[in-house]
Amino acid sequence: MKTLFREAPYFSVEIKLGKIIPPVEELTPEKFKETFRKILELKRKAGLIAIRDNPPDLFERAKMYGTQYRNGSWGWASNIWSRSAKNTVVIERDKDLKYEHKLLMLRVLEHILAQGPFIKVDGYVGKPGTRAQMHATVYVDPQFPDLAYRWKQLVFPAPPDEKPDVEVFVVPHYLGNPNIPGTDRMLMVMRFPHHYFTIITVSSYQGEVKKAVLTHWIFHVYQRGGTGEHAALREFTVKTVDGEWKRIVMCVWGLTGTGKSTHGLYVWTENNAKKYVEQFGINPLDYVKDQVIKNDDIVAIFEDKVIGSEAGCWTKTEDLTPEQEAMWRAAMSPRALHENTEFDERGYPSFKGELFQYFGAPNRNARSVLKLEDTGYFDGDVESSGPLTTAIFLSPGYFTEWAWAKVTDPALAAKILADGRTIGHPAQAKEVVGRIRYVARFAQPFTMGVPNTAHVVRFYKYLKKRIEKGDPVEVYVFNNTGRIIAKYYWTERKFGDKVLEVPEPVLVERDGRPRPVGGERPTIEETELFILQAVRGAVKYGPHPVWGEKMLIPKEVPGIPAERLKQLEPTTYLTMEEFKRLLKAQIEVSKYWLDKNCPGLPKEIYEAMDFED
């Protein structure tokens, strides 16, 4: 044991230096946090800088690692270009702690002790002063100041001396990480919902930091009576077919890469309205006013309000074009903060995916932190003006889906939400690209503390209550990024103890990415026109061929020709016998995933899609 003294006036405290980190077998979540604070205190007593607390020169530090584009904006690169969901564990109970979990906690503490002062940044998630407010403190390895700076630009200011609700420890280094117990996958991220902290290692992808905080926030929102949903929030006032003006509070659910930002940040403008007039003979601005963008990613839905999570947005800019005017304006702002974003021949940010590559394939996950006010359509408030009026689930597929459908049955709506059926995108993980996935609530990796089932049931009860009040939420499901109908084949696959015959899409590699063969899908403008005409009450519907009045299929959409609608119907290409066969297979597979991801659903939700021949 050594004793260190510092002469006055610098220090006059005796410090005993010795082993400060407990043996690995003694580590627990609370012991981890306690030891972290002991390390900070030891460094302070030794006269060292222990933490750089919300440093004012953080941007200047980050610039040392970044690229400045010719328009004045900055960009950085991450070592991994998507979230590492398969390398993430959630520890719900202390008794679930394994040696490997403790070992990674040990390695993080050892690194913090040896490393220079970590950067501490604070922020509120959820509109300050509301029931959704949550204070998060993020500690970032000093070699990654850009991660700290970019996250701080996303959230609302919070006092650094206030006790946080959650803490996130970001160490984007390989620390000799063990594997997740019982697997061959490296353990990189650990979340502790009931101890209110997350540890991130290995990856410097900003999405790991952002989603770590938002995952805790979703649990926070549930504890305060709402549901935290992976959805964008947008508002506008529309002229109905009756000539009345109606305020629309619209949430758009969807997993990364399915169009959530595309449609959540969409506005009709004088520029893109010309395209609607040319293609459809309709000017959207004749029917819309007071358009506002509220939130891009995760929202809190309460019975009376929808509350956004962040002051800015971190959005995928893949294939972004000037026609998506609000998003384009913000992404091309000199204040935008880019990640894995290439440059064009002028040195400006480019979103074409032509220059950068990842594992030999063109980059499909360029990202940017955007200021909502730079869209030109942000009113400074991330809280909705009223309760939710319109819910859109982006649930792309290949076999049984219409481009757009209206869901009138709350149990069926809850089943679609519980399924979270989608198509894999490079932004999710490279191994799932092009595959049908079931990601409960379109938020499976972000749900902890309570099961997905609890959120689904709460939202289901909310939908029922609104129906009983005579003010139902209009629910829609879109197949905007899938195909109608892609080429497929039947094959046997094992799901648990069952072997099921299921359809699989024929995927071919193009530009380094598996893509489906054949099929139709709507354009962005067609989908936005449908949204406009649907909320106006101008769409005429017919019953679904299997589910009847529980799901309504558009038969007339002003501006879209009848022959085009037929091209966007799966039954145009399938016999009813084959359609039912595909649908039955989908339902069987969905129940396998519900049993894993949403166990214990009420029967009326679990069986909402069932039908007899």
Quiz item: Is N452 reaching over with its side chain to a backbone N or O of C598, donor-acceptor style, under 3.5 angstrom?
Solution: no
Exercise. For P505, check side-chain contact (heavy atoms from CB on, under 4.5 Å) against everything at least two apart and list the hits.
Key: Y398, F399, L507
Quiz item: Would the number of heavy atoms belonging to other residues, nucleotides or ligands and lying under 6.0 Å from CD of E270 be above 12?
Solution: no
Quiz item: Is any side-chain N of the basic residue among K239 and D286 closer than 4.0 Å to the acidic one's carboxylate O?
Solution: no
Exercise. Could you check W402 against F579 for ring-ring contact (aromatic ring centres under 6.0 Å, His included), going step by step and ending with a plain yes or no?
Key: CA-CA 12 Å; W402 272 255; F579 176 77; 5.7 Å; yes
Practice problem: Is it possible for you to check whether R131 lies under 6.0 Å from the centre of the six-membered ring of F302, through NZ or CZ, and within 45° of that ring's axis? | Solution: yes
Quiz item: So, does T389 use its side chain to make a donor-acceptor pair with the main chain of V249 at under 3.5 Å?
Solution: yes
Quiz prompt | Sole candidate of Q291, K294, R247 that passes side-chain hydrogen bond (donor to acceptor under 3.5 Å, both in side chains) when paired with E235 | solution = R247
Practice problem: Quick one: list whatever passes side-chain contact (heavy atoms from CB on, under 4.5 Å) with K550, sequence neighbours left out. | Solution: D409, L412, W547
Self-check item: Under 3.5 Å side-chain donor-acceptor pair for D344 and S350
Solution: no
Quiz item: Pick one: which of F442, F459, F478 meets ring-ring contact (aromatic ring centres under 6.0 Å, His included) with W253?
Solution: F459
Exercise. Would you confirm whether D419, through its side chain, and R421, through its main-chain N or O, come within 3.5 Å as a donor-acceptor pair?
Key: no
Quiz prompt | Salt bridge R536-D242, side-chain N to carboxylate O under 4.0 Å | solution = no
Self-check item: Closest non-hydrogen atom pair, P472 against I467
Solution: CB-CG1, 3.9 Å
Exercise. Can you spot which of K210, K316, R367 makes a salt bridge (charged side-chain N to carboxylate O under 4.0 Å, His left out) with D297?
Key: K210
Quiz item: If you look at every heavy atom in V125 and S309, which pair is closest and at what distance?
Solution: CG1-O, 3.2 Å
Quiz item: Quick check: does any side chain N or O of T571 sit under 3.5 Å from a backbone N or O of L574, one acting as donor and the other as acceptor?
Solution: no
Quiz item: Within 45° of the axis and under 6.0 Å from the centre of the six-membered ring of W245, does NZ or CZ of K289 qualify?
Solution: yes
Quiz prompt | side-chain contact (heavy atoms from CB on, under 4.5 Å) between L337 and Q153, worked out | solution = CA-CA 9 Å; L337 303 170; Q153 300 312 299; 3.7 Å; yes
Quiz item: Q533 side chain to V557 main-chain N or O, any donor-acceptor pair under 3.5 Å?
Solution: no
Quiz prompt | Evaluation steps, side-chain contact (heavy atoms from CB on, under 4.5 Å), between N283 and Y276 | solution = CA-CA 6 Å; N283 187 340; Y276 288 82; over 6 Å; no
Exercise. Keeping the roles fixed (side chain from T258, backbone from L255), state whether a donor-acceptor pair exists under 3.5 Å.
Key: yes
Practice problem: Establish, for the pair R458 and Y222, whether the NZ or CZ atom is under 6.0 angstrom from the six-membered ring centre and no further than 45 degrees off its axis. | Solution: yes
Quiz prompt | Over-ring placement of K584 relative to F611, 6.0 Å and 45° cut-offs | solution = yes
Practice problem: Would you check if the side chain of N365 reaches a backbone N or O of W81 as a donor-acceptor pair within less than 3.5 Å? | Solution: yes
Quiz item: Is the NZ or CZ atom of R234 both under 6.0 Å from the centre of the six-membered ring of Y266 and within 45° of that ring's axis?
Solution: no
Practice problem: Would you confirm whether E383, through its side chain, and K305, through its main-chain N or O, come within 3.5 Å as a donor-acceptor pair? | Solution: no
Quiz item: Are more than 12 heavy atoms from other residues, nucleotides or ligands located less than 6.0 Å from atom NZ of K555?
Solution: yes
Quiz item: Just wondering, are more than 12 heavy atoms of other shown residues or ligands nearer than 6.0 Å to NZ in K352?
Solution: no
Practice problem: Identify whether the distance between the nearest side-chain nitrogen and carboxylate oxygen of R441 and E229 falls below 4.0 Å. | Solution: yes
Quiz item: Are the charged groups of E526 and R564 less than 4.0 angstrom apart, N to O?
Solution: yes
